[in-house]
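Written below as structure tokens is the structure these notes are about.
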Amino acid sequence: MKAMTGTRGLVLNEPFLWEQGARGRTCFSMPRRDVAPCPLEDELVDQGPDFPDLSEVDLVRHYTRLSTWNFGIDTGMYPLGSCTMKYNPKINEKMASLPGFAGAHPLLPAELCQGVLKLMYDLEKYLAEITGLSAVTLQPAAGAHGELTGMLIFHAFFKARNQRRSKILIPDTAHGTNPASAALCGFKSISVTSNEQGVLAPEDVAELMDEETAGIMITNPNTLGLFEDNIKKIAGIVHAKGGLVYADGANMNAIMGIVDMSKSVVDVLHLNLHKTFATPHGGGGPGSGPVCVTKNLEKFLPVPRVIHQDGDYTLTYDCPESIGKLHAFYGNFGVQIKAYSYILSMGAKLKKASQLAVLNANYIKEKLKSVFHLPYDRACMHECVFTDKFQKPYKVTTLDMAKRLMDYGFHPPTIYFPLVVQGALMIEPTETESKTSIDLFIAALKAIAKEAEESPELLHNAPCNPKMQRLDETTAARKPCLAG
Ligand SMILES: *Cc1c(COP(=O)(O)O)cnc(C)c1O
């Protein structure tokens, strides 16, 4: 395959500074002494510590190379399915660091932070427009936090009607946070099996839905990267029994400007600003999981709410049916600024971003389905899921292939998720990858499939290039040794 970027794979072998340089090299030049030597010099000046002799270039390269040990979206393609690791334009970071925003204290009175409040007010409106729902809270700090907010809203809705509902339906393809959020709210989750097309069948939902069930949590597109095409029918079944429909919208990157979620008859939906709307994520940085609701659920949204009255923006706590506060102050404002800036700079092109994300995933699916088993051979959304079935005869697993990708300079995709697919290899290219980088990724995976047949031991021992090679998966996670 074509040479990539001057290196082959992630080069993570860097000697200590003590092992580098050569006698007599130096990093600085001193002017020649133009005063008489100090008489005490011999007594005052010792040999000095045993520092290595290095040139400036030795030193700069050493630290620059170390700085690249963390793989990130600015380093290369990061095809982690379900995570939407797309490139985030730097202009949004710049907007978030404008002094008026970055320096705004959360306790400023409303009259001194009209711009901040206007931004929040407008962002809520934009997100409502993008999803098709009526009202939005920006308070939740992440996707799972948005789910919890949504479940509290479900709870408040039934409480207001004097109903006790204890169960919630959750598809077997759901993100693990869905049942966890429902459980935190006291709901018992009932798993719904997806059909052979990888989506929910209305009759399976009808069989489980009853008047003790609060509703359903559907991820759409689901974690197989497939559009739940029966969502409208399913929503009808749930509503007919008095239940509510929660949509996990973390995968909105596939459908922005294309699907109006209110037409899918969704009642509550969360978004992940740190996936779809220009905040980098991974590593536990701040996120934001706004929750969008229909008009009749608006009264339950968390306080404070931003309102616009007589030309002024203010915060109100006067919402007697609100579920209360979900986060200190108003959520992670820095993330909100980036989303606002991203939406304004993209404008109507948001739709194009989704179209390209879907096109890129389908391109990868079509190009690789001859070498990797594709369990659901149909048009996908923003991600595609393969398995290691074709490599089984050579005793090569998904893990081996993911590790080998590092030798080719790519971050591995998501593996062994979703759980309903054995040996899953879940790839999400996102819209920000060019055809050139996607073709290199495809070529790397094809080369790996060939290696699996011809020299499987290469894959069993991968990765070879990184400093840390094959780790013990369990002890690396449970008892990490970070000093080596
Ligand atoms: C990422 C993701 C979540 C959870 O979001 P966090 O911000 O990590 O809490 C929930 N559902 C789906 C489908 C996701 O992809």
Side-chain angles (χ1 to χ4, degrees), residues 73 78-86 88 127 131 137-152 168 170-185 189 192 194 198-200 216-228 231 245-256 259 261 264 266 268-292 326-327 331-332 334-336 338-339 354 357 361 380-385 413-421 424 426-430:
I73 195 66
Y78 209 134
L80 206 58
S82 182
C83 282
T84 311
M85 303 297 279
K86 65 185 186 182
N88 298 295
L127 296 177
T131 55
T137 173
L138 302 173
Q139 233 179 77
H145 201 199
E147 293 166 23
L148 174 63
T149 307
M151 288 302 102
L152 290 170
I168 189 129
I170 301 186
D172 57 358
T173 54
H175 196 269
T177 48
N178 288 191
S181 304
L184 261 184
C185 225
S189 52
V192 195
S194 9
V199 293
L200 291 178
I216 190 165
M217 289 180 97
I218 308 186
T219 304
N220 201 13
N222 69 23
T223 49
L224 290 166
L226 303 174
F227 191 79
E228 290 286 351
I231 187 166
V245 177
Y246 184 93
D248 178 330
N251 294 333
M252 200 70 187
N253 207 50
I255 53 176
M256 283 183 293
V259 179
M261 296 305 266
S264 301
V266 161
V268 184
L269 169 141
H270 84 260
L271 298 166
N272 276 35
L273 297 189
H274 50 291
K275 286 181 182 168
T276 312
F277 297 96
T279 282
H281 71 115
S288 177
V291 169
C292 315
L326 262 290
H327 192 281
N332 287 328
V335 180
Q336 297 167 20
K338 288 182 237 180
S354 285
C380 65
M381 301 299 291
H382 58 308
E383 56 198 2
C384 55
V385 181
T414 296
I415 56 173
Y416 300 108
F417 182 81
L419 303 175
V420 292
V421 174
M426 185 193 204
I427 301 167
E428 179 177 0
T430 82

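Position 1 is the first residue of the sequence; numbering continues from there. Each ligand, and each atom within it, is numbered from 1 in the order the structure gives. Computed from heavy atoms alone, side chains included, the values below leave out hydrogens, waters and symmetry copies. Predicted, not measured: the structure shown is a model, and the values here were computed from it.
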> Between His175 and Phe417, what is the ring plane arrangement, given parallel below 30°, perpendicular above 60°, and tilted in between?
Replying inline: perpendicular

> Donor-acceptor pair, His281 side chain versus Leu273 backbone, under 3.5 Å?
Replying inline: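 Between the backbone of Leu273 and the side chain of His281 there is no qualifying donor-acceptor contact (under 3.5 Å).
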
>> Before you tell me yes or no, could you show the steps for Asp248 and Asn178 under side chain to side chain donor-acceptor pair (under 3.5 Å), namely the whole-Å CA-CA distance, both residues' side-chain angles and the distance that decides it to 0.1 Å?
In response: CA-CA 8 Å; Asp248 178 330; Asn178 288 191; 3.1 Å; yes

> For ligand 1, what are the residues with a heavy-atom contact below 4.0 Å?
Replying inline: Ser82, Ala142, Gly143, Ala144, Glu147, His175, Thr177, Thr219, Asp248, Ala250, Asn251, Asn272, His274, Lys275

>> Would Thr84 and Glu428 count as a side chain to side chain donor-acceptor pair (under 3.5 Å) here? Give the steps.
In response: CA-CA 7 Å; Thr84 311; Glu428 179 177 0; 2.7 Å; yes

>> Would Lys275 and Asn253 count as a side chain to side chain donor-acceptor pair (under 3.5 Å) here? Give the steps.
In response: CA-CA 8 Å; Lys275 286 181 182 168; Asn253 207 50; over 6 Å; no

>> Could you check whether Asn222 and Glu228, counting side-chain N and O atoms only, form a donor-acceptor pair closer than 3.5 Å?
In response: yes

